[in-house]
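Read the structure below first, then the notes.
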Amino acid sequence: MSAETFYVTTPIYYVNDAPHIGHGYTTVMGDIITRWHRQRGEKVWYTTGTDEHGEKVLRKAQANGVTPQEWVDKLVEEEWRPLLRTIDAANDDFTRTTDLRHLEGAQAFWTALNERGAVYQGSFTGWYSVGSEEFVGDDDVVDGEGDDEGIKVSKLDGSRVELISEDNYFFRLSDYQQKLLDFYEANPTFIQPESARNEVISFVSRGLRDLSISRSTFDWGIPVPWDADHIFYVWIEALLSYATSVGYGSDRERFDEVWPASIHLVGKDIARFHAVIWPAMLMAAGEHVPHRVFAHGWLLVGGQKMSKSKANGIRPDELVDTFGSDAYRYYFARALTFGSDGSISWEDINARYHAELANGFGNLASRVAAMIGKYFGGTLPASGEHTDAELTVVDTVVDAVRDADAAIEAVAPQDALAAIWRIVDELNGYITSQEPWKVAKTAASGEGNAGDRLATILNTTAEGLRVLAVVLNPVMPKASAVLWESLGAEAALGALADQRIDAVAAWGQLPAGTTVTKPASLFPRIETAPTA
RNA sequence: GGGGCGGUAGCUCAGCUGGUUAGAGCACGGGACUCAUAAUCCCUUGGUCGCGGGUUCGAGCCCCGCCCGCCCUACCA
């Protein structure tokens, strides 16, 4: 049997939204996790993309005087693809729900469900607000007062609503209540974290209603293959991107190779769609359900949820312009607990940038390269006998790499970075306690074995940096590449991306004689901080 | 209304199935050092663990009530 593909997805982002740091956050987390798994030597596939159908897109396009296709093409090229470049994402695919493969795959999927009897025609009745142009839930409809006396109005915005019904196709979601509950029970890690799992189970336990899957009042969507008057409801169609982008409906062999998804990363607001509707759809189709749905929390700015409608957004490109994509990636992975809400601020990013990246890591690389340059002419010396101090360094590295790997496995990048930073701290402490600058003076006077001792200290720190370059590569590929280059590691050990996590902690890989050069500052101090 | 989650040092957060003097990082204060990006290393200061009851030999962790914040409660996505 062939090795399973580690297949990760971000949500298929709604194209009408302006990309903000929330989107960047999710995509970066997936990128870090998939880059790490690639360096474990696994087959990996990482997909992101855009959801481009629906009434809102249609309206927006009309308002802009262009066709919906022209509108989404523009958004994808001008907003969404640039975001990926900004944050240095290494996704394997960018899937669009307007892609032909998706249209055909989605139609094939629902044709199959229809043939299996999971779909029926019925009528959907609901309160429709002409003013806000949307259906309003029963609980949000109240009796009007004053001018609206005798009329039902929406509690949300006060607009008048009328009861209308529409012929629709329905998916027999109600058939899956018990099947889903049994599934959650048998697969406790299917929905994570625990808070999302509890919520989903509680939601399903209260009962599931059949789901309307088509619309006939507008036409920007994928046609229902057996009834040209209907298009599919966006959600029911967009979720299928995860399958159609890896061959469902077009390349069965490819699909079987990649599916099921290992992890769907989602925001906690859409956990329900991914943990309830999506697996039920797949069960109905007789396909495997994903291994895991991981719901992350919100980014809070000034205690408020980061959102497109509020002006509290910190723009990804603004952040990257100031601190760089590496720092952006590092910050979100390190400062937040993936799965919980977390606070971010310009001040905090700035503080961590300087304390952890510039002073901690960048300066470490700088001082080691400077000493190898000054004391050994830029040629890496061979290590002599290890003393307890070196053994402690080696132990710290081995433990840290092991812990970081376990943390990534547990979808906890923040813990992985905390573990990796033990190496940074250990090396800085090791250098200070070994005082190589003093050993160098002794060596210069020709006393004892000081020269050998100095060589051992600098060889050890260089080895530590070698490990850091490898394990930080998934998080900060640019800085890691510079460090790898400065260690002269490429010539001796090959490409950084080919360095395996499971072998990285083995000591003594950098051969003596390698040319070490002092790199430009990995993370130069930044004097001015723009207003957020 | 119902359900879920959270409220721990100035800030951001850890605290496993309840167990000795509640932890980390940053910030602050003091000291050491000079290889380095005025960086590094060491030490100190700092908490009625939202509030009020209860269970227990013992509770930040369990139970009850209350206050505050966020999320979900299916057809905007």
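Order of the sequence lines fixes the chain letters, A, B, ..., with proteins taken first and strands second; residue numbering starts at 1 for each chain. Computed from a prediction, not measured in an experiment: that's the story for all the values here.
Listed nucleotides C13(B), G2(B), C35(B) differ in distance to Arg206(A); the shortest reach to its side chain belongs to G2(B).
Thr98(A) and Glu52(A) share a donor-acceptor pair across their side chains, judged by distance under 3.5 Å alone.
Across all strands shown, C68(B) is found opposite G6(B) as a Watson-Crick or G-U wobble partner, with both distances under 3.5 Å. Of all nucleotides present, only C11(B) satisfies the Watson-Crick or G-U wobble test against G25(B), with each distance under 3.5 Å. Pairing for C16(B) is absent, judged as Watson-Crick or G-U wobble with the two contacts each under 3.5 Å.
A distance of about 28 Å separates the C1' atoms of U21(B) and C63(B), rounded to the whole Å. Comparing C51(B) with G10(B), their P atoms sit 14 Å apart, to the nearest whole Å.
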*Can Gln192(A) and Arg197(A) be said to form a side-chain hydrogen bond (donor to acceptor under 3.5 Å, both in side chains), step by step?*
CA-CA 6 Å; Gln192(A) 290 179 305; Arg197(A) 174 182 161 80; over 6 Å; no
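Here U40(B) presents its P atom at 12 Å from NE2 of His354(A), a figure rounded to the nearest Å.
Under 3.5 Å, the side chain of Lys374(A) and the base of C35(B) form no donor-acceptor pair of N or O atoms.
The pair Asp341(A)-Lys268(A) meets the salt-bridge criterion, with a side-chain N (NZ, NE, NH1 or NH2) lying under 4.0 Å from an Asp/Glu carboxylate O.
Side-chain atoms of Asn64(A) come within 3.5 Å of backbone N or O of Lys60(A) as a donor-acceptor pair.
Here Leu336(A) lies out of heavy-atom contact (under 4.0 Å) with every strand.
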